[in-house]
Protein chains: 2
Amino acid sequence: MVIASTLAAGSAGTVETRHLDLPDPVTLDCGRELRGVRVAYETYGTLSPARDNAILVCHALSGDAHAAGRSADRPAASTRDGFAAEHRDGALGWWDGMIGPGKAFDTDRYFVISTNLLGGCRGTTGPSSTDPATGAPYGSTFPVITVSDMVRTQRAFLDALGIGRLAAVAGGSLGGMQALEWAVRYPDQVDSIVVIASTHALHPQGVAWNAIAREAITRDPAWRGGDYYGTGSAPDAGMGVARMVGHVTYLSAPALDTKFGRRLQFADDLRYTLTEPEFAVESYLRHQADAFVTRFDANTYLTLSRALTYFDLARGHDSLDRALAAVTARTLLIAFTSDWLYPPAASQEIDAALRALGKPTELHVIDAPYGHDCFLLEEERQTPIVRRFLAGG
Amino acid sequence: MVIASTLAAGSAGTVETRHLDLPDPVTLDCGRELRGVRVAYETYGTLSPARDNAILVCHALSGDAHAAGRSADRPAASTRDGFAAEHRDGALGWWDGMIGPGKAFDTDRYFVISTNLLGGCRGTTGPSSTDPATGAPYGSTFPVITVSDMVRTQRAFLDALGIGRLAAVAGGSLGGMQALEWAVRYPDQVDSIVVIASTHALHPQGVAWNAIAREAITRDPAWRGGDYYGTGSAPDAGMGVARMVGHVTYLSAPALDTKFGRRLQFADDLRYTLTEPEFAVESYLRHQADAFVTRFDANTYLTLSRALTYFDLARGHDSLDRALAAVTARTLLIAFTSDWLYPPAASQEIDAALRALGKPTELHVIDAPYGHDCFLLEEERQTPIVRRFLAGG
């Protein structure tokens with residue numbers, strides 16, 4: 001087939017985040033129920049009369065429902081991560097390079113839906129939301145949730161929208177976990193999944209990084225066991241440290257060499273300071289931390305970090321093979337050579353397991369230097385792969 | 001030559017940490033002077049009548065003067081790091097496997113000297129020491145020091161001991177930086193250097209990890225700008241996070257896979273907790289953090305972390321080649337394939353630079369899986385290399 005040029009690819013336009021209240025409680029893996037769940041979402045493109053062109057895109061830890069186009073109500077604060085995100089138009093969605101007319105997820109053809117995750121802090125019910133039972137924020141009483149819970153919430157949301165089947169579920173990182181969970185949990189309702197820079201189960205070093213990030217937050221006295229809402233302070237200091245750990249794990253060591261080297265930030269000579277940034281990379285990390293805490297809730301960080309650590313597709317199925325046995329969706333896996341947080345090995349394992357089961361699967365390992373951030377940076381190289389895959393081969 | 005069997009290698013015996021007060025102030029790179037500097041040290045073996053068999057061993061970030069033998073006064077608290085350190089006899093020195101009769105640094109032949117670093121918290125003058133000018137602990141007034149300052153202090157200490165030339169200076173990690181600095185700073189006073197798992201300049205990702213560790217400490221309100229002595233509390237929460245970051249960077253991802261995998265710590269099922277360790281690796285990190293804060297001072301952590309980040313052998317010399325031009329010592333470099341914090345590439349750069357200058361150098365890259373911790377764990381494989389090198393070839 002002929003791949004349309006992406007040169008003429010356009011914008012999804014000005015979009016507004018909308019909200020939908022689920023009619024029924026969501027039952028969670030932990031055994032609890034959440035009542036009055038609200039879901040923040042955006043849509044791009046038009047639902048076909050046959051309702052067969054819907055694609056759900058799932059965001060990663062720090063994203064939100066604003067995946068594409070220009071935000072009508074939030075002109076400055078981008079949830080885009082990755083190198084040079086700070087220099088980007090803040091109103092653009094975090095996956096604007098991939099979603100729009102003529103783009104990878106082509107809104108001339110597909111009806112693309114993006115929701116803020118359950119547990120989030122950008123419109124969907126999460127720890128900072130008001131508990132209808134008490135009229136106060138959940139805080140420490142918000143349940144510990146799983147990727148399954150997120151997907152169950154998305155299913156209920158799509159039911160409310162009147163959408164049964166999905167042409168595709170797509171996402172990177174934690175978003176890719178959701179796509180995998182969809183294929184396993186609702187095999188007859190998903191035609192295809194696009195799983196980018198993700199895994200069926202985070203490796204122990206990734207578990208460790210996430211544990212450290214959570215420790216940094218929960219050891220901050222301002223966290224107050226999770227009940228900091230209304231106190232006038234928040235565990236910004238700890239979440240800043242968590243964010244710094246995240247940033248280093250999202251990048252590769254060679255990318256840090258290239259971008260910063262050992263360049264000093266402010267002077268040619270050492271300033272002999274323990275507390276101020278001296279090297280450019282130190283200054284970068286502090287800047288990232290400071291920017292992040294203005295837009296993100298610490299309890300949501302804890303909640304999503306725990307969920308992605310728990311995620312293990314094989315759990316309850318004895319093995320990955322058995323977990324994937326019921327899958328009917330076509331699977332596209334993309335991984336990046338320099339991604340050491342979600343290394344290609346995991347995608348290779350998923351691909352091999354699906355292949356052994358005779359399921360349609362394809363894996364592309366892209367040679368790129370930016371680490372895990374590649375999934376947001378290497379849009380140009382992912383675009384023809386995703387377009388061809390969605391077109392059916 | 002024949003390498004003596006290490007099977008019969010013995011213990012350096014019961015040793016006591018002694019202290020020496022330097023007669024003169026130490027002038028520091030930052031321009032300040034430190035008066036009344038005390039140095040904690042231990043020695044193993046006997047100084048030859050010709051005073052030509054002295055070896056200085058230099059510890060890394062969390063070590064101390066107790067490098068070998070059994071401590072007379074500290075029977076429980078080991079400063080040994082690395083895998084399974086918690087199961088080791090706490091009275092043994094951190095490099096006991098390498099120092100003793102018949103061992104790599106053979107105390108039947110050499111007079112081995114180990115000092116606690118300037119800035120330390122185990123007997124040598126550091127931030128927690130009393131400032132003679134005020135009678136109170138230095139705290140925030142302790143100067144920011146460098147690896148050169150540490151080495152200058154060691155030089156003054158050896159002068160006071162009446163030792164001019166050193167047969168060798170040896171150390172791993174930050175200890176290796178000191179060995180390199182000795183060879184550059186005092187070329188006519190060092191016969192050889194043994195530089196293990198070290199570098200001429202920490203790479204940007206290592207700079208980043210150290211910045212995060214320091215941020216974790218300085219963002220802890222209990223740090224109080226460095227003046228927490230006598231307040232009844234200390235930034236243990238933040239230093240615990242710093243230590244966790246350290247531990248993950250000291251190990252390799254495959255070593256974490258092998259040791260922990262995704263094994264749950266306490267139960268077969270998830271417990272749905274944000275704050276308690278769930279995976280074995282989470283529990284391990286918390287245990288390491290809790291143990292570390294009982295024995296280490298946070299300001300010393302900041303001080304040594306900053307010094308090793310600053311260290312750059314080429315600084316002030318235009319290039320590594322020029323920095324090494326004056327070196328006369330024979331150089332032994334050892335690196336480990338899985339060490340991603342101090343990767344073999346840096347040792348290769350030093351080796352190549354020395355070789356290009358026609359200096360005697362040898363590099364051994366040991367294929368071992370434990371990451372940076374290898375320098376404390378792979379003693380058996382390092383022993384014949386070090387013995388042969390010290391014997392003169």
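Note: hydrogens, waters and symmetry copies are ignored here, and every other heavy atom, side chains too, is used.
- When B:Thr146, B:Ile145, B:Leu302, B:Val248 are compared by the number of non-hydrogen pairs under 4.5 Å with chain A, B:Val248 comes out ahead.
- With chain B as the partner, the residue from A:Asn210, A:Ile217, A:Asp236, A:Leu270 showing the most heavy-atom pairs under 4.5 Å is A:Leu270.
- Here the CD1 atom belonging to A:Ile212 is positioned 12.0 Å from the CZ atom belonging to B:Arg243, to the nearest 0.5 angstrom.
- Using cut-offs of 30° and 60° on the angle between ring planes, the pair A:Phe279 and B:Tyr310 is tilted.
- When each of A:Leu264, A:Leu285, A:Asp269 is checked for heavy-atom pairs under 4.5 Å with chain B, A:Leu285 comes out on top.
- More than 12 heavy atoms of other residues, nucleotides or ligands lie within 6.0 Å of CZ in A:Arg271, so this atom counts as buried by the packing criterion.
- Top candidate by heavy-atom pairs under 4.5 Å with chain A, chosen from B:Thr218, B:Thr273, B:Asp220, is B:Thr273.
- With chain B as the partner, the residue from A:Ala208, A:Gly31, A:Pro277 showing the most heavy-atom pairs under 4.5 Å is A:Ala208.
- In this structure, chain A has no heavy atom under 4.5 Å from any part of B:Arg263.
- Summarising the geometry of B:Arg306 relative to A:Glu276, their closest heavy-atom pair is NH2-O, 3.1 Å, with the distance given to 0.1 Å.
- Side-chain contact between B:Arg262 and A:Leu202: present, with at least one pair of heavy atoms (C-beta onward) separated by less than 4.5 Å.
- For B:Ser305, no part lies under 4.5 angstrom from a heavy atom of chain A.
- The contact between B:Val281 and chain A is made entirely by side chain atoms (from C-beta outward), counting heavy-atom distances below 4.5 Å.
- A:Glu278 is not listed as a side-chain neighbour of B:Thr309, based on a closest heavy-atom distance of 4.5 Å or more.
- Checked against salt bridge (Lys or Arg N to Asp or Glu O under 4.0 Å), A:Glu215 has the following partners two or more places apart in sequence or in another chain: A:Arg219, B:Arg286.
- In this structure, B:Pro204 and A:Gly261 approach most closely via the heavy-atom pair CG-O, 3.1 Å.
- Residue contact with chain A, scored on non-hydrogen atoms closer than 4.5 Å, involves the side chain of B:Ala289 exclusively.
- Interface check for chain B: of the options A:Cys30, A:Ala222, A:Gly316, the most heavy-atom pairs under 4.5 Å are formed by A:Cys30.
- Contact detail for B:Glu282 and A:Val207: the closest heavy-atom pair is OE2-CG1, 3.7 Å.
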